[in-house]
There are 2 protein chains.
Amino acid sequence: MSQHDTAKNDDFDLQDFLPYLLNRAAEESSLEFQQVYKNRYGMLRTEWRVLFHLGNYGKLTAKEIGTRARIHKTKISRAVHRLETRRYLKRSRSEADRRVEELTLTPAGQAAYRDLCSIAAQYDAKLAGLFSAEETDLLRKMLRRLGHIG
Amino acid sequence: MSQHDTAKNDDFDLQDFLPYLLNRAAEESSLEFQQVYKNRYGMLRTEWRVLFHLGNYGKLTAKEIGTRARIHKTKISRAVHRLETRRYLKRSRSEADRRVEELTLTPAGQAAYRDLCSIAAQYDAKLAGLFSAEETDLLRKMLRRLGHIG
DNA sequence: GGATAATAGTTGATTTTGTAACTAACAAGC
DNA sequence: GCTTGTTAGTTACAAAATCAACTATTATCC
């Protein structure tokens, strides 16, 4: 059996494998926006996500952010620490349950959030512009389903 | 301005941000299949991708794999080393250009490739089954475009 | 109320990745 | 044929992700 016959195994092609396509599209689409929060605010992706959740939902605990965004608690813990060091958020022990920390953005954090949001919105529009409005709507719907969101 | 008003900034929601949706869907959809190549063959994602490309296209150089799959050469280098150590592939210096290494799968590598391919195909069918055939086709088309493939 | 289990979050050790500098081989210009 | 530049691939060091063990607090249950 030649190498080339092996290549024709099944009727399956990596180029069509959904997890592969999803990963490629995710990497590619994240790259450009990543430059913004990285260069402008020195943030990592997890930090941007934590910032976003706090900006979007207001006061949250680390646990809640982790559950909503499916981020592991150690990543959250380190992201919160860095965001706190850079004065983008502050934490305070909950009175009700002293294990819990309530996280909120500082004014600087809110400003960064607003700035990044507006850039994200622009960037999203640019990506969405590759397709018709109906197609983009369907894409988001399918991605939410695949990502178990909503 | 209250925390909650901040949340209503713009008409933009992270839940709809395409890079976020793409990343969530990519992570979620990769998880299950990842268990297979990880637990059954002790492979990392890059190794599975390298194996796949060699199985699918036959003899390739590290450079070619990197170009096709958009993987950085250091990642390829390490993946090739590990796959070689585990006897899934062998390399030989090109006669024509002695900088280049020609990579091919060993029989064990081909067996792993076939096994993983058939599981991948099944898994892909399962994901595709969430939607209609037309929807899935459109999804793949859009993802290829977003990932700059094809 | 005291032992046991569960939960929120942190820390440390190990693995994996990313960046930059490196070696070796080839190519081009003169 | 010898400098200069380019390309394939590796390696070293720093940054980040992962996993397991840890502290502190609360909940359960006898």
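Quick note on labels: first sequence line is chain A, next is B, and so on, each numbered from 1.
Projected onto DNA chain D by closest heavy-atom contact, B:Val80 and A:Leu44 fall at different nucleotides, the more 5' of which corresponds to B:Val80. In terms of position along DNA chain C, the nucleotide closest to A:Val100 lies nearer the 5' end than the nucleotide closest to the other residue of the pair A:Val100 and A:Lys38. Residues A:Thr74 and A:Ser94 both approach DNA chain D. Their nearest nucleotides, taken by heavy-atom distance, put A:Thr74 toward the 5′ side. Remark on DNA chain C: of its neighbouring residues A:Thr61 and A:Arg78, the 5'-side contact belongs to A:Thr61, judged by nearest-heavy-atom nucleotide.
For A:Glu102 and C:dA8, the CD to C1' distance is 13 Å, given to the nearest whole Å. Rounded to a whole Å, the CD1 atom of B:Ile76 is 10 Å from the P atom of D:dT10. What separates CZ of A:Arg45 from P of D:dA15 is a distance of 19 Å, to the nearest Å. Distance NE2 (B:His72) to C1' (C:dA21): 12 Å, rounded to an integer number of Å. If you take CG of B:Leu103 and C1' of D:dT10, they are 14 Å apart, rounded to a whole angstrom. Rounding to whole angstrom units, CD of residue B:Gln34 and C1' of C:dT16 are separated by 12 Å. The separation between B:Lys63 atom NZ and D:dA8 atom P is 4 Å, rounded to whole Å. In this structure, A:Arg98 atom CZ and C:dG9 atom P are separated by 13 Å, rounded to whole Å.
Remark: A:Arg68 qualifies as a cation-pi partner of A:Tyr57 under the 6.0 Å distance and 45° angle criteria applied to the six-membered ring.
Using a 4.0 Å cut-off between charged nitrogen and carboxylate oxygen, B:Arg86 and B:Glu47 do not count as a salt-bridge pair.
Taking side-chain N and O atoms only, A:Lys75 has a distance below 4.0 Å to OP1 or OP2 of D:dT18. An OP1 or OP2 oxygen of D:dT10 is reached within less than 4.0 angstrom by a side-chain nitrogen or oxygen of B:Ser77. Taking 4.0 angstrom as the limit, B:Arg91 places a side-chain polar atom (N or O) nearer than this to OP1 or OP2 of D:dT10.
The side chain of B:Lys73 approaches C:dA21 more closely than any other nucleotide in the set D:dA20, C:dA21, C:dG9. Taking the side chain of B:Arg99 as heavy atoms from C-beta on, and the options D:dT25, D:dT6, C:dA20, the nearest nucleotide is D:dT6. You'll find that the side chain of B:Arg82 is closest to C:dT16, out of C:dT19, C:dT16, D:dG9.
Remark: side-chain polar atoms of B:Tyr20 are not paired, donor with acceptor, to backbone N or O of A:Arg49 under 3.5 angstrom. No donor-acceptor pair closer than 3.5 Å links the side chain of B:Arg144 to the backbone N or O of B:Ile149.
Taken together through direct or relayed side-chain contacts under 4.5 Å among Ile, Leu, Val, Met, Phe, Trp and Tyr, A:Leu22 and B:Phe17 form part of one hydrophobic cluster.
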